Amino acid sequence: MPKMPLMPLLLFCTLLGGHGIVQAQAPGQPSAVSKTNCDRDCLLEFTRNYLRALANHDPDSARLSDTVVFSENNVTMPVGNDGLWGTLSKVRDGALEVADTRTGNAAWFGIVEEHGNPAYLALRLKVENRLVTEIETIVNRLPDMPKPFGDPDQVVHDASWDDLLDKEELRPRERLVAVADGYFSTVELNDGQVFTDFTDDCGRLENGISTTSNGGSASIAQGCEQQFKLGIYRINKRVRERRYPLVDEERGIVVASGFFDHANTFDRYTLTDGREMKTVLKWPNSISLLEAFKIRGGKISRIEAVFTYVPYFMPSPFAHANVDFQTR
Amino acid sequence: MLIRLPSALAAALLVCAPAVLAQNPSCDAACLTSIAERYLQDVARQDASGLPWADRVRYTENNVAMMIGDGFWGAGPGVSAGGLFLPDAITGNIVWFGITSEHGQAAYHGLRLRVQDAQITEVESYLGREGTPEVFGKVDQYRPEPAFAERPSSAAGLSREQLVALVDGYFNSKQQNNGQVFTAVAADCRQQTNGKSITSGDHWAATVARGCAAQLRAGLFKPVDRIRARRYPVIDEKRGIVVALSIEDHATRFVDYVSTDGKPLAVEVEYPNSRGRLDLFKISEGEIVAIEGVSVFLPYYIHSLWQD
């Protein structure tokens, strides 16, 4: 019987050992089998239960994992007494709710009150083994720098978010993410080139304001695609740390997270039709957001976002390091 | 030929080594000031290529790490003449406090450089800009606190540790402020933040109590939950100046409170927030006589990239 040289044998045994088996799984996955022991209703109930716990200032009832990670506007902190946990006075009825049974994530876009003051909240929970392991919150409050903040009493989430798509409108998960990612690529360095598709009636609600029909950028151009073709959003040097933790294929919804970096290397720019624009802020700043996309037949029909200002280039605790952006 | 040191001597050298290194003999106060001046000139020209960078450099702006060239460096930067240079050859740090601009819009700017072997290893900037919920005094009405231009101070004689203890006691007094004061503050102590007087004029705190000491005794800063990540990178014993960096947490679990003498008060911002601060403390006759600095409105509980 031929003898195997010692070093290759040791290497072979190492690969067969515990580490070798773990590395054989799909990258980033704890197991080669995805167990979905919490369906859509179950996931949505987790967000509702979390918000009840928040309103009652009772973290013990939030079904939290021992290792839960909680962030508010990208800062991690203990759960239970800090941030919203120390200030929340009410959770208002009416919200956009999304769930992804494959990734175990659920999202909630709505309005809460802190000491009676309304604030826009976007919440993402990750549920594993029927315990919450990640809580990501973006809270948009006043007073702050100039930004959209719609009348909280007038906010209506478009009814189409809950529509189950017809068969011909359905798209696979990867394509839905590609359409959403194309939106961010269009926003980044917006110069009129459009990297995604929109329905003709596409509308966007940002912090409770329709910015495609009657507020914000809508005063310059109306409609999702029309605004991008004008290059209104050129100030976005980067759309960074893009993540897509939720996809609901039946409803054609993607929930994304990311940052819009306004480096403000310039404070004036020109639209594609020749009009000159001035940046509102003169200094570097970033916008941190959770954003939902409704995609019908491969085209974005509705967008809803909650965002707030954060210090320029601030990272997310849930994303990889900024290595991709260090040399830009 | 190998020279063997007696083990006791070798041990003594090891113990002493940090102190010897900490003297930073390769760059004295004049050297540090020269590097800071060059840095400010070059940032205004947006040309970092001529600065003496170390192989590994860390740059943060308002407590976010980024590349040199981004942030303030890229935003049409300008540097106003003047400002206060505060070198500390023992720690190898120099702090500059002055006014800069982005596309012509002025900001109060606290800059810290750390220099090792005559090369820049750390750059930390705090920019107090107009238009955030934090206080901001109009630049055309700004007058630098004169106490910091005085020299030498009668504080000479206080050790570095004593100077730091006074400032640390100020922070201990301010956090969870209930009127108890853990430091020595002159009766006429003045404070400016982002060019705005906190202890006189029309600032809300000044309308309740005037002067640092009176404000601390009145418990005006009760909403400050914690002052953490405190660092004291520059101490000037001769001039009686300490530069402090810190993060102030306002959890805002309450919005109404009362001063120690019963006056009803309310927080300015009714949601959780933190402030990143770079403050200069002037100490004379064993008391804090003036505080001037930059304060930046930040997401609540933001972690310090330099210490936590």
Side-chain angles (χ1 to χ4, degrees), chain A residues 57 70-78 81-89 112-117 119 138-146 237-238 261-268 278-286 288 308-315 317 321-322 325-328, chain B residues 46 59-78 100-107 109 125-134 225-226 247 249-256 266-274 276 296-303 305:
Chain A
H57 301 269
F70 168 54
S71 78
E72 185 169 304
N73 292 346
N74 298 294
V75 179
T76 55
M77 62 189 80
N81 197 32
D82 280 294
L84 276 175
W85 283 94
T87 56
L88 194 127
S89 50
V112 296
E113 294 180 14
E114 296 175 287
H115 303 298
N117 303 313
I138 302 296
V139 195
N140 175 39
R141 299 144 157 149
L142 289 180
D144 197 1
M145 295 178 280
K237 178 179 180 179
R238 290 173 290 246
D261 286 335
H262 303 157
N264 282 349
T265 53
F266 52 83
D267 67 338
R268 292 164 189 263
K278 294 178 182 174
T279 61
V280 175
L281 296 173
K282 304 298 178 189
W283 33 270
N285 61 83
S286 292
S288 170
T308 192
Y309 283 108
V310 293
Y312 177 70
F313 207 63
M314 184 185 192
N322 289 320
F325 306 96
Q326 296 299 295
T327 55
R328 293 191 190 180
Chain B
Q46 295 183 292
Y59 175 63
T60 66
E61 191 172 302
N62 289 352
N63 200 43
V64 177
M66 63 190 77
M67 298 295 285
I68 291 284
D70 212 344
F72 173 65
W73 275 82
T100 58
S101 61
E102 288 145 307
H103 301 295
Q105 184 174 326
H109 196 144
S125 268
Y126 277 101
L127 290 99
R129 292 148 164 155
E130 188 170 12
T132 81
E134 181 55 289
D225 289 81
R226 287 173 292 264
I247 295 180
D249 290 331
H250 299 231
T252 322
R253 297 187 187 94
F254 56 85
V255 293
D256 298 311
V267 300
E268 287 188 294
V269 178
E270 297 186 348
Y271 61 81
N273 62 88
S274 292
V296 180
F297 196 79
L298 294 172
Y300 175 69
Y301 211 77
I302 191 169
H303 305 198
L305 294 184

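Only this structure's heavy atoms are used, side chains among them; waters, hydrogens and symmetry mates stay out. Letters A, B, ... are given to chains in the order of the sequence lines, protein chains preceding strands, and every chain is numbered from 1. Worth saying up front: this structure is predicted, and the values here are computed from it rather than measured.
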At a heavy-atom separation under 4.5 Å, does [X] approach chain B through its side chain, its backbone, both, or neither?
X       : answer
T308(A) : neither
L142(A) : backbone
F266(A) : backbone
N285(A) : neither
N117(A) : side chain

- request: Below 4.5 Å from any heavy atom of chain A, which atoms of E270(B) appear? Answer side chain, backbone, both or neither.
  value: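 Backbone plus side chain of E270(B), per the 4.5 Å heavy-atom cut-off to chain A.
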
message: Does E102(B) form a side-chain contact (heavy atoms from CB on, under 4.5 Å) with D267(A)? I'd like the steps, not just the answer.
response: CA-CA 9 Å; E102(B) 288 145 307; D267(A) 67 338; over 6 Å; no

Side chains of [X] and [Y]: closer than 4.5 Å at any heavy-atom pair?
X       : Y       : answer
M66(B)  : P284(A) : no
E268(B) : P143(A) : no
R141(A) : V269(B) : no

field: Heavy-atom pair count under 4.5 Å with chain B, highest-scoring of A263(A), G116(A), G83(A)
entry: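 Option with the top pair count is G83(A).
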
- prompt: With chain B, which of T76(A), N73(A), N74(A) has the greatest number of heavy-atom pairs at distances under 4.5 Å?
  reply: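 Option with the top pair count is T76(A).
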
- line: Most heavy-atom pairs under 4.5 Å with chain A, out of T132(B), T252(B), N273(B), belong to T252(B)

field: Interface residue of largest heavy-atom contact number with chain A, from F72(B), F297(B), Y300(B), F254(B), under 4.5 Å
entry: Y300(B)

- request: Taking all non-hydrogen atoms of both residues into account, name the closest pair between M145(A) and G131(B) and its distance.
  value: CG-O, 3.3 Å

side-chain contact (heavy atoms from CB on, under 4.5 Å) partner of [X], chosen from [options]:
X       : options                   : answer
P311(A) : L298(B), V296(B), N63(B)  : L298(B)
H115(A) : V255(B), V267(B), D256(B) : V255(B)
W283(A) : R129(B), E130(B), H103(B) : R129(B)

query: For the atom pair OH (Y271(B)) and CG (D144(A)), what is the distance rounded to the nearest 0.5 Å?
result: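 The distance works out to 4.5 Å.
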
- line: In this structure, CZ of F313(A) is separated from CD of E61(B) (nearest 0.5 Å) by 11.5 Å

field: M77(A) vs D249(B), side-chain contact (heavy atoms from CB on, under 4.5 Å): CA-CA, chis, key distance, verdict
entry: CA-CA 12 Å; M77(A) 62 189 80; D249(B) 290 331; over 6 Å; no

